[in-house]
Chemist: 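So that we are looking at the same thing, I have put the structure below in C-alpha cells.
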Amino acid sequence: MPDDDLDVTPSPRGSASGVGSLPGTDVGAALRLVRDLLAEPDDGEPAGVPFLPELPGRGPGADLVGRAAARLVDLPVDLQPSGWRLVERPGRDLARAAAFWREDLDRAAEAFAGWSGALKVQLGGPWTLAAAVSLPRGERAVADAGARRDLVESSAEAVRLLVADLRAAVPGARPVVQVDEPSLPAVLDGSLPTASGLHRVRSVPTSEVADGLAVVVAAARDAGAATVVHCCASDPPVAVLRRSGAEALSLDTTLLGPHGWESVAAAVEDGLVLWAGAVPTRPDAAASVHRLGDRLTRSWRDVGLGLPLLADLVVTPACGLAGSSPEDAVRALRAAVALRRQLVDRATG
C-alpha cells in the first residue's frame with residue numbers, strides 16, 4: 001500500500017503528453033518548451049501532462065539505458081564498446097550519467113517552480129535493462145536468473161528514490177512514473193542474440209516477467225506516483241503489461257493491428273487508461289489532426305469501445321522525438337494537444 005503520509009497521484013485522463021525524448025542538448029530549453037506547450041492553461045486546465053525530457057543527444061549516459069542504469073541502487077555500471085556493463089565499482093561513465101540527472105532535476109525545479117499539476121518522469125524498466133546491460137563476463141544480464149532478480153529489486157528502489165527526488169525538486173507536482181519497456185517482447189519471445197551472436201538468449205517465463213514488472217510499478221505507487229507502462233512494439237504484450245498493476249498503458253497505436261486493438265479494448269474496459277501514441281513523428285504524416293482523429297476513432301469503434309471513452313485518452317506522439325528536428329518535435333507535441341481536444345469533442349458531441 002502507498003505510504004499513508006503521501007498523496008497518491010491519480011492517473012491523468014483526457015490529456016496530452018510526450019513519450020519522453022526530445023532533440024537537442026540543452027535541458028533547460030527543453031524543459032521550457034515542454035512547460036510552454038503542455039503546462040499552459042487550456043480552457044482552465046493544463047493543456048497536457050508535462051514531462052522531464054530525455055536528451056540522448058547529450059551523449060552516453062543520456063540514453064534510455066544509461067539513464068536507467070545510473071539510477072540503479074547497489075549495481076554500478078560502466079560503458080564498454082559493446083554497451084553498458086555491470087561492474088564492481090562505479091566509474092566516470094556512471095558519474096557522467098548521474099550528473100545529467102542532477103542537472104535535469106535542478107533545471108526542473110526552476111522551470112516548474114510553483115507547479116501543482118501532474119509531472120511525468122520516464123525510466124527504463126527492469127527487462128529492458130536486463131536485455132541491454134551485460135554481466136562482467138560479457139553475456140546479457142537477462143540470461144542469468146540471479147542478475148534478473150537483482151535488476152528487478154534495484155530498479156524498484158531506483159523508482160522509489162526517483163519519485164522522492166522529483167517531489168523534492170518540484171514539491172507541488174503530482175508525480176507520474178512511466179516505466180519504459182521497449183525490449184519486453186524480445187525478452188518474452190527469446191529473440192535476443194547472445195554475446196557471441198551465434199545463438200539466442202532463452203526466453204524468460206511470462207510469469208517472471210509480469211511479476212518483476214509488477215514489483216517496480218508497485219514501488220512507484222507506494223511512493224505516491226501514478227504509473228504508466230510503455231512499450232512501442234507493433235505487437236505489444238498487453239496482457240503482461242496489464243498484470244503490472246499500472247493504471248495506464250502507453251502504446252504506439254499507429255502500429256496496432258486488430259489483435260492489438262482487441263487487447264487494448266479489454267484493458268480499457270477494465271478501467272486502464274490508454275496513452276495513445278497516435279501522432280506519427282514524421283512531419284508529413286502529422287499534418288492533418290482531423291485525419292489522425294478519424295483513424296483513431298475508427299479503430300476505437302471497430303473493437304466496440306464507446307465514443308464517450310475517447311475523452312479519457314492521453315494523446316502522445318507515436319514514439320520519442322530525439323530523432324526529430326526541433327521544429328518537428330514542436331509540431332508533434334502541438335498535434336497531440338490538438339488531437340486531444342478533437343477527441344473530447346467527438347466523445348461529447
Side-chain angles (χ1 to χ4, degrees), residues 10-20 22 33-51 117-120 176 178 226 228 230 232 236 247-258 260-265 267-269 271-321 324-349:
S11 178
R13 295 173 180 264
S15 193
S17 192
V19 172
L22 289 176
L33 171 67
V34 167
R35 180 195 62 199
D36 293 345
L37 291 177
L38 297 174
E40 291 300 313
D42 178 34
D43 295 332
E45 296 291 334
V49 178
F51 56 96
L119 182 59
K120 181 168 72 77
V176 179
Q178 175 181 302
V228 185
H230 173 247
C232 52
E247 301 100 325
L249 307 178
S250 175
L251 307 172
D252 182 348
T253 57
T254 69
L255 297 178
L256 291 180
W261 271 110
E262 289 172 3
S263 298
V264 167
V268 170
E269 288 170 346
L272 276 74
V273 179
L274 175 63
W275 290 49
V279 178
T281 56
R282 301 185 305 277
D284 57 331
S288 173
V289 171
H290 186 78
R291 185 171 68 248
L292 297 177
D294 286 344
R295 183 186 306 165
L296 184 57
T297 302
R298 183 166 53 251
S299 297
W300 194 257
R301 299 183 70 171
D302 284 348
V303 290
L305 291 169
L307 284 182
L309 291 174
L310 283 173
D312 287 341
L313 290 185
V314 178
V315 180
T316 73
C319 194
L321 298 169
S324 302
S325 68
E327 296 77 15
D328 288 342
V330 169
R331 278 194 286 266
L333 290 174
R334 284 179 173 163
V337 172
L339 179 54
R340 172 256 174 182
R341 294 195 200 105
Q342 185 186 124
L343 293 176
V344 171
D345 290 342
R346 292 179 185 227
T348 58

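All values below come from the heavy atoms of this structure, side chains included, with hydrogens, waters and symmetry mates left out.
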Chemist: For a quick test of reading the model, state the closest non-hydrogen atom pair linking Gly293 to Gln342 and the distance between them.
Modeler: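 Where Gly293 meets Gln342 most closely, the heavy atoms are CA-OE1, 3.4 Å.
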
Chemist: Do Thr253 and Leu296 come within less than 4.5 Å of each other through their side chains, counting heavy atoms only?
Modeler: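 With C-beta onward as the side chain, the pair touches.
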
Chemist: Tell me, with the steps shown, if Val344 and Leu313 meet side chain to side chain contact (heavy atoms under 4.5 Å, CB included).
Modeler: CA-CA 9 Å; Val344 171; Leu313 290 185; over 6 Å; no

Chemist: Between Lys120 (side chain only) and Val228 (backbone N and O only), is there a donor and an acceptor less than 3.5 Å apart?
Modeler: no

Chemist: Under the criterion side chain to side chain contact (heavy atoms under 4.5 Å, CB included), I'd like the reasoning laid out for Thr254 against Leu292: C-alpha separation, chi angles, the key distance, then a yes or no.
Modeler: CA-CA 9 Å; Thr254 69; Leu292 297 177; over 6 Å; no

Chemist: So, taking the atom named CG in Leu339 and the one named CZ in Arg295, what distance separates them when rounded to the nearest 0.5 Å?
Modeler: 10.5 Å

Chemist: Identify the heavy atoms of Ala335 and Val279 that sit nearest to each other, and give their distance.
Modeler: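 Residues Ala335 and Val279, closest heavy atoms: CB-CG1, 3.8 Å.
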
Chemist: Which heavy atom in Ala226 sits nearest to a heavy atom in Pro12, and how many Å separate them?
Modeler: CB-CD, 4.3 Å

Chemist: Please identify each residue that fulfils side-chain contact (heavy atoms from CB on, under 4.5 Å) with Val268, with sequence neighbours left out.
Modeler: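 Val268: side-chain contact (heavy atoms from CB on, under 4.5 Å) contacts with Val264, Leu274, Trp300, Leu305, Leu309.
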
Chemist: Check the pair Val19 / Trp275 against side chain to side chain contact (heavy atoms under 4.5 Å, CB included), numbers first and verdict last.
Modeler: CA-CA 9 Å; Val19 172; Trp275 290 49; over 6 Å; no

Chemist: Minimum heavy-atom separation for Val34 to Phe51, with atom names?
Modeler: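 Shortest heavy-atom separation between Val34 and Phe51 comes out as CG1-N, 3.3 Å.
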
Chemist: Is there a donor-acceptor pair closer than 3.5 Å between any side-chain N or O of Gln178 and the backbone N or O of His230?
Modeler: no

Chemist: Among all residues two or more places apart in sequence or in another chain, which pass the side chain to side chain donor-acceptor pair (under 3.5 Å) test with Arg13?
Modeler: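 Side chain to side chain donor-acceptor pair (under 3.5 Å) list for Arg13, sorted by chain: Asp312.
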
Chemist: Can you tell me how far apart CZ (Arg346) and OG1 (Thr297) are? Round to the nearest 0.5 Å.
Modeler: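 If we round to the nearest 0.5 Å, Arg346:CZ and Thr297:OG1 are 4.0 Å apart.
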
Chemist: Would you compute the distance between atom OG1 of Thr316 and atom CG of Leu333 and round it to the nearest 0.5 angstrom?
Modeler: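 Result: 9.5 Å between the selected atoms.
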
Chemist: To the closest 0.5 Å, what do you measure between SG (Cys319) and CG (Leu321)?
Modeler: 8.0 Å

Chemist: Run the salt-bridge test on Arg340 and Asp345 with the 4.0 Å N-O cut-off and return the result as yes or no.
Modeler: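 No.
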
Chemist: Give me the atom names and distance for the closest heavy-atom approach of Ser11 to Ala248.
Modeler: OG-CB, 4.0 Å

Chemist: Is a donor on one side and an acceptor on the other found under 3.5 Å between the side chain of Ser17 and the backbone of Val49?
Modeler: yes

Chemist: Considering non-hydrogen atoms only, spot the tightest contact between Leu307 and Ala347 and give its length.
Modeler: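 Closest pair (atom of Leu307, atom of Ala347, distance): O-CB, 3.2 Å.
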
Chemist: Show your working on side chain to side chain contact (heavy atoms under 4.5 Å, CB included) between Leu37 and Arg334 and close with a plain yes or no.
Modeler: CA-CA 7 Å; Leu37 291 177; Arg334 284 179 173 163; 3.6 Å; yes

Chemist: Distance from Leu343 atom CG to Leu310 atom CG, nearest 0.5 Å?
Modeler: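 Atom-to-atom, Leu343:CG and Leu310:CG are 5.5 Å apart.
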
Chemist: Looking only at the side chains, is there a donor atom on one of Ser325 and Asp328 sitting less than 3.5 Å from an acceptor on the other?
Modeler: yes

